[in-house]
Amino acid sequence: MPIDKNLMRLVKIEDVNIETPTVKTIFFKDSLSSVSKPGQFLMVWIPRREELPLSVMISDTKNHAAITIRKNGYGSTSLFNKDIGDRIGIRGPFGNSFSFNKSLKNIIFLGGGTGLVPLVRLLYYIKEYDSKFTFIMGAKTKSELFFTELIYEWAKAKKIDLHIATEDGSLGTKGYPTDILRAFLSVHKDIDMIYTCGPELMMKKVYDIAIINSVRMEASIERYMKCGIGICSSCCINDKLVCVDGTIFNETKIQKLTEFGVSYRNKSGILTKF
Amino acid sequence: MDYDIPINIAGLDLKNPVIVASGILGLSQSIFDRLYKIGAGAIVSKSISLLPREGYRNPTIVSVDNMSYINAVGLANPGAESFSTEISKNKGPLLVSLVGSEKSEFSVIVRKFRDHKILGFELNLSCPHVEKMGMEIGDDLKLVYDIIQSIKKETTKPLFVKVGLGKSDILEVAKVAESAGADGITAINTLRAMKIDIETQCPVLENKIGGLSGSAIKPLGIRCVYELSKSLKIPIIGCGGIMTYSDVVEYMMAGASAIQIGSLIGLKGISSIGKIVMGLRSYLEAGNINDIKEIIGIAHR
């Protein structure tokens, strides 16, 4: 009988990767997660602590998947402190995924922080295709960057242009990844798609730049989530539920989301300005 | 599609008897508008308290088999003031669910919706997972009577009272509600339940105990609606584990004038609302039943 994705599976952490002093990737065996589409997420249970929605990261091992976590609040810190041998609960994968087809010949990925996770998973899936890839990555400072080595590794076999922006200028261009995007689009007029994930105000800028340049885009939107299965409304943005209608929305859908980049629902459901 | 299976309940004319239960997709006007369009006969909001509540930390819901859930959201809601702003432009068939811990709170909440275009209210007397709210109120019959009277003093709109299987007998609570002026009864709420993970040896829900919903509770719901409709004059909204149109028919035969769905939406998505309405319509057409009222309580014959 196939496993029901709604039922929680207990998995053992088999490996960890320290990405930065505050970011860790956790690897585990779970066949359902291993076949997650790029952009899908898991509800991850840290026993006795919390349950968090987290985008699925790649693993090179068959039937395995991973999650990448930045220690921030109560739940994410509890998860960050987990190590090899510890157990966590997984349900999902949930949500839609980035769209991709081979007619997209010139693609930009733009992300920052743990927002890089779904973009890296997407690139992993499509890097063998005959398309041109540009990856724009942003961080506050050099020490907070991660996944760069992974992309450099992939770039050995296949040309991937990696552009880096740091707010303090400690690596790459000083400023924001959206500054690089704006400059890039003023030169390159043949971009077919921009995939983005990261802070919403950054993605709002990406959307605005994409619209001005008539380039298609898709963004992975984040909202406070409870159920993950489309019944609690915690994650609603306008009339959409991020957990089941998203998390990926394209520019046509985003155009109707007047709350995008403007407001979100807090834990009690009150619409709150960013 | 028009989703029309007209039904009148407690003086309200509904497009059809399929209502979205409280706690399900209940806090955004944009979502309400979407639900009306795709076939919901009415919607009950999340239970609204006087002040905002953040609810419990996750996990707030756990799937116990492929058709049932246990949840302990902790009555997260934006509070009366914010929610009255949220729905200030509502034109659809909305019932506002009310929850509180003191009698005095309810009249204050109801007054916030005095000028709103809503159908009426549902009083949550049966939330099984928040102390001093919901079920613990429902177990105090004198308090139930007083709260209902205080609400009825503030509004002429219909008030449904949602009952569950708490410490007090469900029939007794419902009779008290009827005598206090309730216009209808919603039965049943979720049942106190628990899920323990045997590998990590700990309860899954943050609150440890939650409310069981879905297929597992349907036979209990049917029994309660059957018994309630035998002893009450006011109409009943049946709720608990409805997954198909045949479950709707079963609840109506037991005596429900309308029904509510919840867990189904988690399993099959929001398009399941319209599907269940259309399934019910086909059932009525196939059986040459011109008015759905004909099947209400038919099992009592």
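Below, chains carry the letters A, B, ... as their sequence lines are ordered, and counting in each starts from 1.
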Within this structure, what is the CE-CG distance for the pair A:Met225 and B:Asn58, rounded to the nearest 0.5 Å?
10.5 Å
CZ-NZ distance between A:Arg48 and B:Lys208, expressed to the nearest 0.5 angstrom:
9.0 Å
Select one option (side chain, backbone, both, neither) describing which atoms of [X] are under 4.5 Å from chain A's heavy atoms.
X: B:Ser82; result: side chain
X: B:Lys46; result: side chain
X: B:Phe83; result: neither
X: B:Val20; result: neither

Relative to chain A, which of [options] shows the most heavy atom pairs under 4.5 Å?
options: B:Gly262, B:Pro52, B:Cys202, B:Gly266; value: B:Cys202
options: B:Val62, B:Ile265, B:Val204, B:Ile270; value: B:Val204
options: B:Thr200, B:Thr60, B:Leu267; value: B:Thr200

Got [X] and [Y] here, is their nearest side-chain heavy-atom distance under 4.5 Å?
X: A:Leu241; Y: B:Leu25; result: yes
X: B:Asp197; Y: A:Arg87; result: no
X: B:Asp33; Y: A:Asp239; result: no
X: A:Ile231; Y: B:Asn71; result: no

Considering all heavy atoms, the nearest [X]-[Y] contact:
X: B:Pro203; Y: A:Trp45; result: O-CZ2, 3.8 Å
X: B:Ser63; Y: A:Asn6; result: CB-O, 3.4 Å
X: A:Cys227; Y: B:Ile61; result: CA-CG2, 3.7 Å
X: B:Pro59; Y: A:Glu50; result: CD-C, 4.0 Å

So for atom [atom1], which belongs to [X], do other residues, nucleotides or ligands contribute more than 12 heavy atoms lying within a distance under 6.0 Å?
X: A:Arg216; atom1: CZ; answer: no
X: A:Glu222; atom1: CD; answer: no
X: B:Gln201; atom1: CD; answer: no

Between B:Arg34 and A:Asp245, does any NZ, NE, NH1 or NH2 come within less than 4.0 Å of an OD or OE carboxylate oxygen?
yes
So, applying side chain to side chain contact (heavy atoms under 4.5 Å, CB included) with B:Leu27, which one of A:Cys236, A:Cys232, A:Ser234 is it?
A:Cys236
So which bits of residues 262-274 of chain A come within less than 4.5 Å of chain B, counting non-hydrogen atoms only?
A:Arg265, A:Lys267, A:Ser268, A:Gly269, A:Ile270
Proximal to chain B - members of residues 15-38 of chain A, heavy-atom separation under 4.5 Å
none
Using a 4.5 angstrom heavy-atom cutoff, name the option from A:Arg49, A:Arg91, A:Met8, A:Lys226 with the most pairs to chain B.
A:Lys226
At a 4.5 Å cut-off on heavy atoms, which part of A:Asp86 comes close to chain B: side chain, backbone, both, or neither?
neither
